[in-house]
Chemist: 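Sending over a structure as structure tokens; questions will come in a sec.
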Amino acid sequence: MKTRFKNYLDILLDFVYPRICLSCEKNVLGAEKHICIECIMSIPKTNSHFQQIELIERKFWGKLNVKHVYSFLKFSKKGKVQNILHALKYKNKPELGEYIGKMYANDLKEIDFAKNIDLILGIPLHTDKFKLRGYNQADEFAKGLSAGLNVPFDTTSFVRTTFTISQTKTKSRFFRFKNIEGVFEVIDKSQIKGKRIALVDDVLTTGSTIEEAGNALLGAGCMELYIITIAAAY
Ligand SMILES: [Zn+2]
């Protein structure tokens, strides 16, 4: 009886406060959360958990010693995946990241992935961006993966710092870039050393940010490195 009452209440709430699918913008109803069932069934998956995809892996060849890159969805401009990533980043929807993380964890369970890693880390966000957005979308995704896979995740031992160099000293383009984006820094090596780590981000495009972060972890003694992203462009 209680369940039936709750169902009526949900229907009423959907009527009073319509919720929209963050992928296709149609109304989501009843038990649907964030993304409608039609979109969930049709969003393009990479299936990179079953086999390595060369077009994804090659982004890191000769640059980062990574065991396997897992990307959940295939990114295409103006597609449904772009809408999802946009909502996660710019529409104040941190819970969407966690939701997708749990969804992808179900796929990764099919290959018993949890046995390969000791720790999950989101790519740290620059402090200014964190203050502006109020959350780090990579950490939200990592949180969902962590809950679904039952592997710990940490947001304190790996950070992005800004170091200030006076403008006259920032002659090279490289240093100017670093100055804006900050640098990755391991502040607690004991959390990283000897660990098998999954480094997590929202989207993989050129891979340069992940490369920089991954090398900082390997430099601090990370034993094996995996990459997990919500989507990859390839
Ligand atoms: Zn939809």
Chemist: Go through it in stages, so that I can follow the logic: the residues are H49 and H68, the test is side chain to side chain contact (heavy atoms under 4.5 Å, CB included), and I'd like the CA-CA distance, side-chain angles, deciding distance and then a yes or no.
Modeler: CA-CA 9 Å; H49 60 306; H68 192 129; 6.0 Å; no

Chemist: Any link between I53 and F75 through a network of hydrophobic side chains (Ile, Leu, Val, Met, Phe, Trp, Tyr) touching at under 4.5 Å?
Modeler: no

Chemist: Would a hydrophobic clustering, with Ile, Leu, Val, Met, Phe, Trp and Tyr connected at side-chain separations under 4.5 Å, put L121 with I227?
Modeler: yes

Chemist: Is any side-chain heavy atom of I230 less than 4.5 Å from a side-chain heavy atom of L204?
Modeler: no

Chemist: Give a yes-or-no answer on whether the side chains of S71 and T229 include a donor-acceptor pair shorter than 3.5 Å.
Modeler: yes

Chemist: Which heavy atom in S23 sits nearest to a heavy atom in C39, and how many Å separate them?
Modeler: OG-SG, 3.4 Å

Chemist: Do L73 and P44 have side chains that approach each other closer than 4.5 Å (heavy atoms only, starting at C-beta)?
Modeler: no

Chemist: Hydrophobic cluster mates of I20, side-chain heavy atoms under 4.5 angstrom, ILVMFWY only, any path?
Modeler: none

Chemist: Can you confirm whether N27 is buried at CG, in the sense that more than 12 heavy atoms of other residues, nucleotides or ligands lie under 6.0 Å from that atom?
Modeler: yes

Chemist: Can you tell me how far CG of L145 sits from CE of M103, rounded to the nearest 0.5 angstrom?
Modeler: 11.5 Å

Chemist: Say whether V203 and L96 are linked into one hydrophobic cluster, either directly or through other cluster members, by side-chain heavy-atom distances under 4.5 angstrom.
Modeler: yes

Chemist: How far does CE of M41 sit from CD1 of I35, to the nearest 0.5 angstrom?
Modeler: 13.5 Å

Chemist: Hey, could you give me the CZ/OG1 distance between R160 and T127, rounded to the nearest 0.5 Å?
Modeler: 9.5 Å

Chemist: Of all the heavy-atom pairs spanning G214 and L225, show the shortest one and how long it is.
Modeler: CA-CD2, 3.7 Å

Chemist: Check whether E32 reaches the backbone of V28 with its side chain - one donor and one acceptor, N or O, closer than 3.5 Å.
Modeler: no

Chemist: Near Y17 OH, under 6.0 Å, is it more than 12 heavy atoms from other residues, nucleotides or ligands?
Modeler: no

Chemist: Would you say CG of N106 has more than 12 non-hydrogen atoms from neighbouring residues, nucleotides or ligands within 6.0 angstrom?
Modeler: yes

Chemist: Taking the six-membered ring where the residue is Trp, are the ring centres of F184 and F158 under 6.0 Å apart?
Modeler: yes

Chemist: Students often mix this up, so state it plainly: with edges at 30° and 60°, are the rings of H86 and Y90 parallel, tilted or perpendicular?
Modeler: tilted

Chemist: How far apart are the closest heavy atoms of L85 and A231, and which atoms are they?
Modeler: CD1-CB, 4.0 Å

Chemist: Less than 4.0 angstrom from a charged side-chain N to a carboxylate O is my criterion; do D118 and R196 meet it?
Modeler: yes

Chemist: Main chain of G148, side chain of K109: is a donor-acceptor contact present, judged purely on distance under 3.5 Å?
Modeler: yes

Chemist: So, do I123 and V200 sit near enough that their side-chain heavy atoms are less than 4.5 Å apart?
Modeler: no

Chemist: Could you walk me through whether N83 and C24 pass the side chain to side chain contact (heavy atoms under 4.5 Å, CB included) check?
Modeler: CA-CA 8 Å; N83 293 343; C24 70; over 6 Å; no

Chemist: Quick check on side-chain contact (heavy atoms from CB on, under 4.5 Å): which of I228, N116, V151, I117 does L108 satisfy it with?
Modeler: I228

Chemist: Any chance you could measure L217, atom CG, to E224, atom CD, to the nearest 0.5 Å?
Modeler: 13.5 Å

Chemist: Taking the inter-plane angle between the rings of Y104 and F72 on a 0 to 90° scale, is it parallel (under 30°), tilted (30 to 60°) or perpendicular (over 60°)?
Modeler: parallel

Chemist: Should we count CD of E25 as having more than 12 external heavy atoms under 6.0 Å?
Modeler: no

Chemist: Counting C-beta onward and ignoring hydrogens, is there a side-chain heavy-atom pair between L88 and F141 closer than 4.5 Å?
Modeler: no

Chemist: Looking at every non-hydrogen atom in both residues, tell me the closest pair between G122 and D139 and how far apart they are.
Modeler: CA-OD1, 3.5 Å

Chemist: Report the C-alpha separation of E98 and I100 in whole Å, then their side-chain angles, then the decisive distance to 0.1 Å, and conclude whether the side chain to side chain contact (heavy atoms under 4.5 Å, CB included) test is met.
Modeler: CA-CA 6 Å; E98 191 175 347; I100 297 170; over 6 Å; no

Chemist: Hey, could you give me the OG/OH distance between S48 and Y234, rounded to the nearest 0.5 Å?
Modeler: 7.0 Å

Chemist: Answer with yes or no whether the hydrophobic clustering places L29 together with I37; edges join I, L, V, M, F, W, Y residues whose side-chain heavy atoms lie under 4.5 Å apart.
Modeler: no

Chemist: Can you name the residues that form a salt bridge (Lys or Arg N to Asp or Glu O under 4.0 Å) with R133, not counting sequence neighbours?
Modeler: none

Chemist: Ignoring hydrogens, what is the shortest heavy-atom contact between L119 and Q191? Give both atom names and the distance.
Modeler: CD2-O, 3.6 Å

Chemist: Any side-chain heavy atom of K143 sitting closer than 4.5 Å to one from Y135?
Modeler: no

Chemist: Hey, what's the ring geometry for H34 with Y99, parallel, tilted or perpendicular (30° and 60° as the breaks)?
Modeler: perpendicular

Chemist: Assess whether ring pair (Phe, Tyr, Trp, His ring centres under 6.0 Å) is satisfied between F113 and Y70, documenting all intermediate values.
Modeler: CA-CA 11 Å; F113 177 67; Y70 299 94; 4.8 Å; yes

Chemist: Side chain to side chain contact (heavy atoms under 4.5 Å, CB included) for K93 and E140? Distances and angles first, verdict last.
Modeler: CA-CA 10 Å; K93 298 279 179 198; E140 297 303 319; over 6 Å; no

Chemist: Nearest heavy-atom pair of K89 and D202: which atoms, and what distance?
Modeler: CD-OD2, 3.7 Å

Chemist: Taking T156's backbone N and O only, do any of them form a donor-acceptor pair with D188's side chain (distance below 3.5 Å, no angle check)?
Modeler: no

Chemist: Atom CD1 in I197, atom CZ in F153: separation rounded to 0.5 Å?
Modeler: 14.0 Å

Chemist: When you look at NZ of K115, are more than 12 heavy atoms from neighbouring residues, nucleotides or ligands closer to it than 6.0 Å?
Modeler: yes

Chemist: Checking K80 against S42: is there a side-chain donor and acceptor pair closer than 3.5 Å?
Modeler: yes

Chemist: Could you give me the CA-CA distance, side-chain angles and deciding distance for K26 and E38, then say whether salt bridge (Lys or Arg N to Asp or Glu O under 4.0 Å) is met?
Modeler: CA-CA 10 Å; K26 286 181 196 155; E38 210 181 308; 3.7 Å; yes

Chemist: Between I120 and P152, is there a side-chain heavy-atom distance shorter than 4.5 Å?
Modeler: no

Chemist: If hydrophobic clusters are built from ILVMFWY residues whose side chains come within less than 4.5 Å, do L149 and V69 share one?
Modeler: no

